[in-house]
Amino acid sequence: LRRVATRDETAFASLYKQTSAKLYGVVARIHNRSDVAADVLQETYVRIWDKAGEFDPARGSALGWMATIARNRALDEARRVRPASLEDQPESFEPAAEDIDPLAARERSEGLARLIECLMGLDEEKRAVVLLAYYRGLSREALAKRFGRPVPTIKTWLHRSLAQLRDCLAS
Amino acid sequence: MTVSPDDDFAAAEYALGTLGASERAALAARRLREADLDEAIRDWETRLAPLAEAAPEIEPPRDRLPAIEARIRGASLNAPEISSVVALERSIRRWRATAIAASLVAALLAVGFAARETSRPSNPREYVAILQKDAASPAFEVTVNLDKQELTVRPVAAQAPPGKAYELWLIDAKLGARSLGVIGDGPRGANLSAYDPSVVAGATYAVTVEPPGGSPTGQPSGAPVFVGKLIPVTP
């Protein structure tokens, strides 16, 4: 990524080869349509090229930084195409078995291990809300439908869960 | 960190991705102007980022690298090689300079008026905002007369992409995004009587790219491309 910041196209191509499946894994879970997901992936790498100089290793891993860019592009796009997006058909795209369980991840960076520790402090349903929001890009409304709860309840859950995570990570 | 608990929660939800279209667009516009909020969002993104490690890889349907390389080569031909941060700082400095210049000009005009027409009302409450892209020159000038509750938007240098239209939004922390109409080639007025003067004066004004005729959902379809805040033009 440091070499990409100096406009090194060879380094960029190698970065793409190493990370595109990972980032596509992030994007494609938010967008079930592969053409949309591939466009988002393309936008993501253009942005990574533009912003490589802004990456700050003190703020976390390079992959985490790139995944954040990918998620933000994917979320912007998801909110843009809302009328026909997954929010209206939350059941059509996700067999529950496919849900990602980071708690089962065998390889854990220090950051992930710490975050998992804190996620364990949430009760199961509230943890599921946070994880579905993160991996599927579900809005409060979509989460409310999926969990059969009113939107304000979901908002309160998120509020408490996120505050708890923040305090746990800071301790 | 100096953001309010409400803003910190909004930043957390932005990073997690649970905000709806209008709240997300409102926060995206505010973070361009509010460094503390931007920092709060980044902090939350950093906290949650390790989760991405646990997402299993999926091979992209076909190799997008050639298309991406074509894009970045095309971009570097006409873009100066400065990082976006530097460009943004410059753009903010330029915006401030423009804003200060605008208020100076307005102050001089006001003095001129006052000299000739001593009966002029003392507090006309006029405001101006220059809406800019992060690293480009001014694109729209928004002027607001709070007494008449009127807004005028003038394109300065912006032209909508082919087959698209620019739409102007008033973005308020509580109200979210409210459309002020589609912007054509010339100046356009909008009535603000539906909004409290404090909302009008404190809001962020943003322009998004929409289908012709404006957003079909009544909410911004994507992140704003031009944003700005009002400053008083009269002393």
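So you know, we letter chains A, B, ... as the sequences are listed, proteins then strands, and number each from 1. If you're wondering where the values come from, they're calculated on a predicted model, not measured in any experiment.
Residues B:Ala52 and A:Ala67 approach most closely at CB-CB, 3.4 Å, considering heavy atoms. In terms of heavy-atom proximity, A:Leu75 sits nearest to B:Gly17 at CD1-CA, 3.6 Å. In this structure, B:Leu19 and A:Ser139 approach most closely via the heavy-atom pair O-CB, 4.4 Å. Residues A:Tyr16 and B:Pro60 share a closest heavy-atom pair of OH-CG, 4.4 Å. The shortest non-hydrogen separation linking A:Glu9 to B:Glu69 is O-OE2, 4.4 Å. Taking all atoms of both residues into account, the shortest heavy-atom contact from B:Pro61 to A:Ala38 is CG-CB, 4.2 Å.
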Inset, instruction - Begin from the C-alpha positions of A:Thr68 and B:Arg42 and carry the test side chain to side chain contact (heavy atoms under 4.5 Å, CB included) through to its verdict. - result: CA-CA 9 Å; A:Thr68 300; B:Arg42 284 167 185 266; over 6 Å; no

Legend entry - Worked check of salt bridge (Lys or Arg N to Asp or Glu O under 4.0 Å) between A:Arg59 and B:Glu39: CA-CA 11 Å; A:Arg59 299 196 74 121; B:Glu39 184 70 15; 3.3 Å; yes

Inset, instruction - Applying side chain to side chain contact (heavy atoms under 4.5 Å, CB included), run through B:Glu23 and A:Arg79 and close with a yes or a no. - result: CA-CA 10 Å; B:Glu23 284 177 286; A:Arg79 298 301 175 257; over 6 Å; no

Legend entry - CA sep, side-chain torsions, deciding dist, call: A:Arg166, B:Trp44, side chain to side chain contact (heavy atoms under 4.5 Å, CB included): CA-CA 8 Å; A:Arg166 181 192 56 212; B:Trp44 274 107; 3.5 Å; yes

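Taking chain B as the reference chain and counting heavy-atom pairs below 4.5 Å, the highest number among A:Asn72, A:Leu41, A:Leu63, A:Val26 is found for A:Asn72. Ranked by non-hydrogen atom pairs under 4.5 Å with chain B, the options A:Ser34, A:Ser61, A:Ala163, A:Ser109 are led by A:Ser109. Note: A:Ala21 leads A:Ala37, A:Ala13, A:Ala21 in heavy-atom pairs under 4.5 Å with chain B. Highest contact tally toward chain A, considering only B:Ala12, B:Ser215, B:Ala55, is held by B:Ala55 [criterion: heavy-atom pairs under 4.5 Å]. For chain B, the option among A:Val129, A:Asp39, A:Leu23, A:Val27 with the highest count of heavy-atom pairs below 4.5 Å is A:Asp39.
For chain A, the nearby part of B:Arg24 is the side chain; its heavy atoms alone come within less than 4.5 Å. Contact of B:Ala15 with chain A is made through the backbone alone, with heavy-atom distances under 4.5 Å. Looking at A:Glu110, there are no atoms closer than 4.5 Å to chain B (heavy atoms on both sides), in backbone or side chain.
Heavy-atom proximity under 4.5 angstrom to chain B picks out A:Leu115, A:Leu119 from residues 113-128 of chain A. Inspection of non-hydrogen atoms places A:Lys155, A:Leu158, A:His159, A:Leu162 of residues 154-162 of chain A under 4.5 Å from chain B.
No side-chain donor-acceptor contact under 3.5 Å links B:Arg64 to the backbone of A:Tyr45. A:Lys22 places a side-chain N or O within 3.5 Å of a backbone atom of B:Glu53 that can act as its donor or acceptor partner. Side-chain atoms of A:Arg29 come within 3.5 Å of backbone atoms of B:Pro56 as a donor-acceptor pair (strictly under, hydrogens ignored). With hydrogens and angles ignored, the 3.5 Å screen pairs a side-chain donor or acceptor of A:Arg71 with a backbone N or O of B:Leu16. The backbone N or O of B:Leu51 lies less than 3.5 Å from a partner atom in the side chain of A:Tyr135, making a donor-acceptor pair.
The CD1 atom of B:Ile68 sits 5.5 Å away from the CD atom of A:Gln42 when rounded to the nearest 0.5 Å. B:Glu57 contributes atom CD, which lies 13.5 Å from atom OH of A:Tyr24 (distance to the nearest 0.5 angstrom).
Contact of the A:Phe12 side chain with the B:Leu65 side chain is registered, since non-hydrogen atoms from C-beta on lie closer than 4.5 Å.
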